[in-house]
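What follows is a short report on a single structure.
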There are 2 protein chains.
Amino acid sequence: MTRWAPDAALRLEAAALDLVAEQGYAATTVPQITHRAGLTTRTFFRHFADKRDVFFLRDREFPRVVAAALEGLPAETAPLAALQQGLERATSPLAQWREPILRRRAVIRAEDQLRERELLKSGHLADAIAEALVARSRPGTEVTPAEARLLASVAVLVFDRALDSWLDGPPLSPLSAHLADAWRDLAALFGP
Amino acid sequence: MTRWAPDAALRLEAAALDLVAEQGYAATTVPQITHRAGLTTRTFFRHFADKRDVFFLRDREFPRVVAAALEGLPAETAPLAALQQGLERATSPLAQWREPILRRRAVIRAEDQLRERELLKSGHLADAIAEALVARSRPGTEVTPAEARLLASVAVLVFDRALDSWLDGPPLSPLSAHLADAWRDLAALFGP
DNA sequence: CCACCTTATGACATTCCGTGTCATGATGGC
DNA sequence: GCCATCATGACACGGAATGTCATAAGGTGG
């Protein structure tokens with residue numbers, strides 16, 4: 001597909017993470033990042049909308065992955081069950097990325113500018129989930145747009161919480177277990 | 001208190017809202033805003049951390065208001081009930097601000113840069129709520145920090161949803177009714 | 001009434017962010 | 001081999017955001 005070095009975005013991401021680990025986010029400039037990656041400043045902004053975006057390269061396709069997982073489920077599956085199963089399937093590949101995700105989270109947590117971008121990405125994930133829920137809505141398991149938005153918000157809340165406890169927990173505990181815990185904790189607030 | 005014109009921040013906010021309504025957010029520059037408010041660019045950044053922040057002047061004290069409402073409740077009130085009552089009390093003054101809140105939401109919805117800032121403010125609200133829940137935790141209605149964060153996330157989700165449906169609904173419907181609806185909708189997902 | 005301190009603002013300089021535009025070189029189709 | 005395409009380089013430029021010093025307004029204590 002791409003001709004030149006196909007990993008320009010990945011090189012920029014790696015350079016950015018290195019520099020931020022050394023100097024912090026504020027002290028790291030885009031020219032520094034591009035110089036380390038062997039590129040120019042202008043090229044950086046062709047791959048990323050702004051300086052913050054370089055730290056969210058991996059999140060770009062995740063909404064589509066979750067949406068695809070949802071639409072791949074049997075039509076009879078009720079919305080809430082579909083969210084549980086869809087999240088579990090979409091997140092299973094994350095197991096092998098635990099360490100880089102951990103390092104990236106440390107960077108994001110340290111800077112409000114990155115934290116708000118992370119929240120926006122979660123918002124986009126919720127949008128994609130809501131859209132997918134409406135798309136797979138069938139007579140019998142009907143989902144209105146308003147219900148879909150609520151379900152999607154809840155799903156993202158559960159996902160974020162499960163991801164956090166997974167990253168904070170022992171290295172080998174499966175993410176799926178933390179997802180189940182998060183669903184159970186939430187239901188326990190309203191159930192008996 | 002303040003000596004010069006005590007309303008510099010308010011003037012800047014009004015000028016910014018006017019200009020954005022006329023030209024859109026991207027086309028509006030900070031020099032334009034400050035010129036209309038009769039101030040200089042440098043003064044803008046003394047009142048607001050960045051260009052986006054001018055649209056969130058009103059949200060600054062809201063986390064403290066909610067936290068105060070929570071801590072003003074009887075210690076016996078269970079956490080979930082405390083959140084319901086606390087939100088209802090803290091939001092009751094919003095009734096008179098419906099129109100300006102509506103205009104502001106239209107501006108924020110139109111721009112991702114403002115939407116992500118709004119999400120960060122919601123995050124700060126959740127932080128304040130979680131902290132307040134832990135602070136009012138008593139033997140009998142014990143709340144761990146992890147539970148508090150979950151409860152706070154749920155409360156913010158409910159608040160955001162109720163605010164949206166309130167703004168989308170008829171002008172005179174009380175916000176408290178939309179809050180109750182949002183709590184009921186959420187519980188219905190997990191209850192019977 | 002006067003020196004003094006505090007504080008909001010103005011004025012100026014500077015760095016970096018982000019974008020528009022055109023040129024260049026590499027690639028692949030035909 | 002010619003040409004269209006696309007990633008990148010090079011250059012220019014306006015705006016965001018900050019550091020620093022100066023100034024004016026007001027309050028305070030003598």
Side-chain angles (χ1 to χ4, degrees), chain A residues 1-20 22-57 60 107-108 110-118 120-121, chain B residues 1-20 22-57 60 107-108 110-118 120-121:
Chain A
M1 292 308 226
T2 50
R3 284 153 266 201
W4 292 255
D7 55 349
L10 289 171
R11 293 209 317 272
L12 288 167
E13 183 200 30
L17 286 170
D18 287 350
L19 283 164
V20 167
E22 297 169 11
Q23 316 170 334
Y25 173 79
T28 302
T29 70
V30 174
Q32 285 175 346
I33 297 170
T34 54
H35 180 262
R36 180 166 296 202
L39 295 167
T40 62
T41 302
R42 191 63 185 87
T43 297
F44 180 95
F45 290 105
R46 289 198 182 94
H47 285 274
F48 306 102
D50 53 39
K51 179 181 168 185
R52 290 168 251 158
D53 212 40
V54 72
F55 301 103
F56 299 90
L57 178 59
R60 284 183 181 168
V107 171
I108 293 171
E111 203 78 21
D112 259 11
Q113 294 204 347
L114 298 179
R115 192 165 133 72
E116 69 181 348
R117 178 56 51 87
E118 184 180 40
L120 182 64
K121 298 288 183 178
Chain B
M1 314 261 233
T2 49
R3 283 152 268 200
W4 293 257
D7 54 350
L10 289 171
R11 293 207 320 272
L12 289 167
E13 182 201 29
L17 286 171
D18 287 349
L19 284 165
V20 166
E22 298 170 11
Q23 317 172 333
Y25 174 78
T28 302
T29 70
V30 174
Q32 284 176 348
I33 297 170
T34 55
H35 181 261
R36 181 167 297 204
L39 295 167
T40 62
T41 302
R42 191 64 184 90
T43 297
F44 180 94
F45 291 103
R46 289 201 182 92
H47 285 275
F48 305 102
D50 53 39
K51 180 181 168 185
R52 288 168 253 159
D53 213 40
V54 72
F55 301 102
F56 299 90
L57 178 59
R60 284 183 182 168
V107 171
I108 293 172
E111 204 78 23
D112 259 9
Q113 295 202 348
L114 298 178
R115 196 167 130 70
E116 68 181 349
R117 178 57 51 89
E118 186 181 40
L120 183 65
K121 297 287 184 180

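Residue numbering restarts at 1 for every chain, and letters A, B, ... go by the order of the sequence lines.
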[X] has an atom [atom1]; how far is it from atom [atom2] of [N], in whole Å?
{"X": "B:Gln113", "N": "C:dC17", "atom1": "CD", "atom2": "C1'", "answer": "11 Å"}
{"X": "A:Arg52", "N": "D:dA17", "atom1": "CZ", "atom2": "C1'", "answer": "13 Å"}
{"X": "A:Leu12", "N": "D:dT8", "atom1": "CG", "atom2": "C1'", "answer": "12 Å"}
{"X": "B:Asp53", "N": "D:dA16", "atom1": "CG", "atom2": "C1'", "answer": "14 Å"}
{"X": "A:Lys51", "N": "C:dT15", "atom1": "NZ", "atom2": "P", "answer": "16 Å"}

Is the shortest side-chain heavy-atom distance between B:Gln113 and B:Lys51 below 4.5 Å?
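No, their side chains stay 4.5 Å or more apart.
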Determine whether B:Leu10 and B:His47 make a side-chain contact, defined as any pair of heavy atoms from C-beta on separated by less than 4.5 Å.
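Side-chain contact under 4.5 Å: no.
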N/O donor-acceptor pair under 3.5 Å between A:Asp112 side chain and A:Arg115 backbone
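No; judged by distance alone, with no hydrogens or angles, the pair does not exist.
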Using the salt bridge (Lys or Arg N to Asp or Glu O under 4.0 Å) rule, collect all pairs that involve residues 22-44 of chain B, keeping only residues at least two apart or in two chains.
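Listed once each, the pairs are B:Glu22-B:Arg36.
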When you measure from the side-chain N and O atoms of A:His47 to the phosphate of D:dT8, is any distance below 4.0 Å, counting only OP1 and OP2?
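Answer yes for this pair, as a side-chain N or O of A:His47 is under 4.0 Å from OP1 or OP2.
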Does OP1 or OP2 of C:dG10 have a side-chain N or O of B:Thr43 closer than 4.0 Å?
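Yes, B:Thr43 has a side-chain N/O under 4.0 Å of OP1/OP2 on C:dG10.
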From the list D:dT8, D:dG15, C:dC17, which nucleotide is the closest neighbour of the side chain of A:Ala8?
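Nearest to the side chain of A:Ala8 among the choices is D:dT8.
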In chain order, what residues pass the side-chain hydrogen bond (donor to acceptor under 3.5 Å, both in side chains) check against B:Thr43, with sequence neighbours excluded?
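For B:Thr43, the residues satisfying side-chain hydrogen bond (donor to acceptor under 3.5 Å, both in side chains) (neighbours in sequence not counted) are B:Thr40.
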Pairing residues for B:Phe48 by the ring pair (Phe, Tyr, Trp, His ring centres under 6.0 Å) criterion, not counting sequence neighbours:
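Listed in chain order: B:Phe44.
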Go through the structure and list residues passing ring pair (Phe, Tyr, Trp, His ring centres under 6.0 Å) with A:Phe45, not counting sequence neighbours.
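By the ring pair (Phe, Tyr, Trp, His ring centres under 6.0 Å) rule, A:Phe45 matches no residue at all.
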In terms of side-chain geometry, is the basic nitrogen of A:Glu111 or A:Arg52 positioned less than 4.0 Å from the acidic oxygen of its partner?
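No salt bridge links A:Glu111 with A:Arg52.
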List, with names and distances, any nitrogen or oxygen atoms from the protein found under 3.5 Å away from nitrogen or oxygen atoms belonging to nucleotides 18-20 of chain D.
from	atom 1	to	atom 2	distance (Å)
D:dG19	N7	B:Arg42	NE	3.3
D:dG19	N7	B:Arg42	NH2	3.1
D:dG19	O6	B:Arg42	NE	2.9

Do you know which two heavy atoms are closest between A:Asp53 and A:Lys121, and how far apart they sit?
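Here A:Asp53 and A:Lys121 meet closest at OD1-NZ, 3.5 Å.
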With a 4.0 Å heavy-atom cut-off, tell me which residues in residues 31-40 of chain B come close to DNA chain C, sorted by residue number.
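Going residue by residue through residues 31-40 of chain B, the ones with a heavy atom under 4.0 Å of DNA chain C turn out to be B:Gly38, B:Leu39, B:Thr40.
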